[in-house]
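Letters A, B, ... mirror the listed sequences (proteins, then strands); counts begin at 1. Predicted model only: the values in this text are computed from it and were never measured.
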Amino acid sequence: MNKKFFDRDARIVARDLLGYEIRRRIGPRVVRAVITETEAYVGPHDKASHAHRGLTKRTAPMFGNPGTIYVYLVYGMHHCLNLVTREKGYPAAVLIRAVRLLPSGTLINGPGRAARALSITTFFNNKNILTDKRLILGPRYLTPKRIHTTPRIGVPYAGEWAHKPLRFLIE
DNA sequence: GGTGCGATTGCA
DNA sequence: GCAATCGCACCA
């Protein structure tokens, strides 16, 4: 896993991340999970993206280097984990919406639950998954046979962008 | 300085 | 069906 992996269109990265292992190190303990659902937020023209309104304090991480971790708080209580794609200065990211814990295989559905399962808070905001010791991508755990595609969840305000097939799932 | 709401979740 | 709960974008 390297910078080039993330320096690509968010749609490509969102599909490629499916089946990869993500590891959260908490002291001596490691939480392992397989990414099973993602969404792509493709650029500043994407009306569903936080970056649609431009560079703000909140969205600054989305304009960062490939592999930058973007964590935000929604509804005052849930954290959402995103990985920034494309070159520095171009805001795009992939939202991690679901994972399967290893080795149990327990499915953790929903971005808030997935972030919580990995103990992700805003501590990780603006860090980089390529260099951080506490959150890393592991090896590919499986190669998806079939990738299902649907519109993204919870973005009815995004006009035409609400319908675009930018949510990706396996199993 | 004030206001409104969200890339959600859990419970009635 | 709806309350929870807060950082921040936006307006004044």
From [atom1] of [X] over to [atom2] of [N], roughly how many Å is that when rounded to an integer?
| X | N | atom1 | atom2 | value |
| --- | --- | --- | --- | --- |
| A:Glu39 | B:dT8 | CD | C1' | 12 Å |
| A:Arg113 | B:dC11 | CZ | P | 11 Å |
| A:Leu81 | B:dA7 | CG | P | 16 Å |
| A:Arg116 | C:dA4 | CZ | C1' | 14 Å |
| A:His52 | B:dG6 | NE2 | P | 15 Å |
| A:Arg53 | B:dG4 | CZ | C1' | 13 Å |
| A:Tyr75 | C:dA3 | OH | C1' | 13 Å |
| A:Asn109 | B:dA7 | CG | C1' | 15 Å |

* Which is true for A:Arg167 with a 4.0 Å heavy-atom rule: it touches a base, it touches only sugar-phosphate, or it touches nothing? ->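 The answer is nothing, as A:Arg167 stays clear of every strand by at least 4.0 Å.
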* Asked: When all nucleic acid strands are considered with a 4.0 Å heavy-atom cut-off, which category describes A:Arg58: base, sugar-phosphate, or nothing?
  ->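 Touches sugar-phosphate only.
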* Asked: Side chain of A:Met77: nearest nucleotide among C:dA4, C:dC10, C:dC8?
  ->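 Closest nucleotide to the A:Met77 side chain: C:dA4.
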* **Nearest-neighbour nucleotide for the A:Thr56 side chain, C:dA9, B:dT9, B:dA7 considered** =>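 Nucleotide nearest to A:Thr56's side chain: C:dA9.
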* Report yes or no: does A:Thr59 contribute a side-chain atom to a donor-acceptor pair with the main-chain N or O of A:Gly54 at less than 3.5 Å? =>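 Flag set: sc A:Thr59 to bb A:Gly54 pair under 3.5 Å.
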* Judged by atom type as modelled, is there a donor-acceptor pair below 3.5 Å linking the side chain of A:Asn125 to the main-chain atoms of A:Val71? ->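 Present.
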* **Pairwise 5' ranking along DNA chain B for A:Pro111 and A:Gly76, keeping only the more 5' one** =>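 By nearest-heavy-atom nucleotide position, the 5'-most residue is A:Gly76.
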* Asked: Are a donor atom and an acceptor atom from the side chains of A:Thr36 and A:Arg100 found within less than 3.5 Å of each other?
  ->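 The answer is no; no qualifying pair exists.
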* B:dT9 phosphate, OP1 or OP2, under 4.0 Å from A:His78 side-chain N/O ->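 Checking A:His78 against B:dT9: no side-chain N or O falls below 4.0 Å of OP1 or OP2.
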* Asked: Within the structure, does a side-chain N or O atom of A:Arg97 lie under 4.0 Å from either OP1 or OP2 of B:dT8?
  ->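 Yes, because at least one side-chain N or O of A:Arg97 sits under 4.0 Å from OP1 or OP2 of B:dT8.
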* Same cluster for A:Phe6 and A:Ile35 if Ile/Leu/Val/Met/Phe/Trp/Tyr side chains link at under 4.5 Å? ->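 As far as the 4.5 Å side-chain criterion goes, A:Ile35 and A:Phe6 are connected within one cluster.
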* Asked: Is the cationic atom of A:Arg152 (NZ for Lys, CZ for Arg) positioned less than 6.0 Å from the six-membered ring centroid of A:Tyr41 and within 45 degrees of its normal?
  ->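 Verdict for A:Tyr41: a cation-pi partner in A:Arg152.
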* Asked: With both distances under 3.5 Å as the test, what is the Watson-Crick or G-U wobble partner of C:dT5?
  ->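 Because no pair has both required distances under 3.5 Å, C:dT5 counts as unpaired.
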* Asked: Which value, in whole Å, describes the distance between the P atoms of nucleotides C:dC2 and B:dC5?
  ->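 Each nucleotide's P atom is 16 Å from the other's.
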